[in-house]
Protein chains: 2
Amino acid sequence: MMAGVIRADDVKGMANAGYYIALRLGFAFPMDEVNELPQGWIDYYTAGRFMLHDPVIRWVYMNTGAVRWSEITIPDPMQIFVKAQGHGLRYGVAISCFDGSSDGQRSFGSFARHDREFSDTEIQALSAYINDLHHEKAPPTNVTTAELEALLMVKQGKRLKQIAHELGVSEGAVKQRLKNAKIKLGAKTGAQAATMASQFGLI
Amino acid sequence: MMAGVIRADDVKGMANAGYYIALRLGFAFPMDEVNELPQGWIDYYTAGRFMLHDPVIRWVYMNTGAVRWSEITIPDPMQIFVKAQGHGLRYGVAISCFDGSSDGQRSFGSFARHDREFSDTEIQALSAYINDLHHEKAPPTNVTTAELEALLMVKQGKRLKQIAHELGVSEGAVKQRLKNAKIKLGAKTGAQAATMASQFGLI
DNA sequence: TGGTAACTCTCCTTAATGGAGAGTCCATTT
DNA sequence: AAATGGACTCTCCATTAAGGAGAGTTACCA
């Protein structure tokens with residue numbers, strides 16, 4: 001039996017009661033998140049501000065690796081696991097991934113099923129998935145200040161002519177900076193480059 | 001003495017040891033954040049994963065209004081306040097703002113000084129500032145599905161021609177959708193509209 | 001039925017993009 | 001002290017894409 005590479009579609013099938021992924025958690029909050037939990041649970045959780053009390057959150061902050069919800073020993077005074085069951089989130093696995101090399105950023109996911117525990121194979125596949133996403137979202141480090149400066153101004157809705165004027169360089173220079181930025185970010189358009197840099201927290 | 005309207009520049013002077021603002025915290029994480037804390041503290045805080053233990057964070061999650069750090073009674077087993085002092089964050093105020101009307105989103109800020117406590121007037125001004133930002137960041141609700149669909153594809157680096165083809169409409173139609181989206185978002189260019197929609201969590 | 005709002009389209013102007021090439025500033029070699 | 005290579009910056013030009021003004025088409029609601 002092989003784990004194989006899995007994609008977003010496979011995850012939906014595997015976590016049939018929903019899942020949540022937070023990518024590149026830094027100082028306090030992540031760079032990106034994927035929330036495929038049931039809307040009812042999202043609303044209830046939000047209104048109740050459960051995050052700080054959620055044993056899953058506490059576990060992923062403190063640990064690295066994977067654990068079934070049923071194996072988490074952190075106290076649950078607010079009965080969040082019980083409340084989650086009411087929304088179909090009965091069995092689950094929490095996965096936390098930490099890239100020692102980077103600036104302390106970690107990513108985690110919490111996946112839920114309503115019918116049975118996750119198998120070891122599934123947990124392995126999901127761990128690999130989180131790990132992949134974590135590395136995919138690693139921001140490029142070679143984008144120069146001049147390039148980011150131009151990207152920021154694009155994000156702010158400025159035109160190339162205006163950017164050139166404000167920076168005191170030619171329009172051609174601005175174009176080149178944006179062209180370089182696009183290559184480094186792997187973006188096809190200026191709009192995509194600006195949103196990517198924004199999500200990476202570069203600008 | 002008047003509180004008056006304050007801007008980002010004024011905040012830097014008022015919180016002379018740094019500040020942190022999280023805007024529109026929903027399910028777990030905020031839509032936007034401003035981090036003007038000292039880099040040394042950011043690194044230490046990140047590496048130590050203090051967030052879940054930080055009495056300030058716990059306070060702003062549970063309460064609405066403003067409180068001086070010295071008045072917070074939540075236990076601080078990890079001595080985060082003491083550790084913060086080593087980075088110049090000696091006196092502080094936490095401000096939490098909740099807009100009952102919206103979908104449970106709240107915003108908060110934590111501001112620090114190294115020399116003295118914040119005055120009531122300052123706290124009032126900072127509260128107003130957070131409140132303003134909170135309302136400024138309220139996502140528009142009138143952007144249509146078709147418009148968001150087009151914005152998403154712009155964000156993904158697609159060209160108008162390709163978007164039109166994939167959606168089965170004319171290129172002019174796509175332009176019109178983007179124009180409407182820009183008006184509703186208050187954006188000057190498609191790039192700005194896409195990044196704004198992205199930060200609002202609309203796409 | 002007149003008003004309004006979303007969507008659609010065309011025509012024209014202006015802006016962005018991509019390719020090829022060249023000068024500048026460094027740090028590393030020769 | 002050249003020479004080399006790399007990263008960055010800038011120019012020019014041809015092509016393509018985006019933006020703006022205006023008007024037509026549904027469809028729905030008062």
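Chain letters run A, B, ... following the sequence lines, proteins first, then strands; residues in each count from 1.
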Ranking D/dC10, C/dC7, C/dC9 by distance to the side chain of B/Ala146, first place goes to C/dC7
Tell me: [atom1] of [X] to [atom2] of [N], nearest whole Å?
X	N	atom1	atom2	answer
A/Met153	C/dA16	CE	C1'	16 Å
A/Glu147	D/dC10	CD	P	11 Å
B/Glu149	C/dA6	CD	C1'	14 Å
B/Ile163	C/dC9	CD1	P	15 Å
A/Arg177	C/dG18	CZ	P	18 Å
A/Leu167	D/dC8	CG	P	17 Å

Expected string for nucleotides 12-22 of chain D under the B/S/- scheme (protein heavy atoms, under 4.0 Å, primed atoms plus P, OP1, OP2 as sugar-phosphate) is -----SBB-BB
In this structure, NE2 of A/His87 is separated from OH of A/Tyr44 (nearest 0.5 Å) by 6.5 Å
- prompt: Do the side-chain N and O atoms of B/Lys155 and B/Ser198 include a donor-acceptor pair separated by under 3.5 angstrom?
  reply: yes
Base, sugar-phosphate, or nothing for A/Asn180, non-hydrogen atoms under 4.0 angstrom? base
Note: A/Arg24 and A/His135 closest approach over all heavy atoms is NH2-CA, 4.1 Å
Of all heavy-atom pairs linking A/Ser127 and A/Ala66, the shortest is OG-CB, 4.0 Å
Quick one, B/Phe118 with B/Tyr91, criterion ring-ring contact (aromatic ring centres under 6.0 Å, His included). Give me CA distance, side-chain angles, the key distance, then yes/no.
CA-CA 7 Å; B/Phe118 282 84; B/Tyr91 304 96; 8.8 Å; no
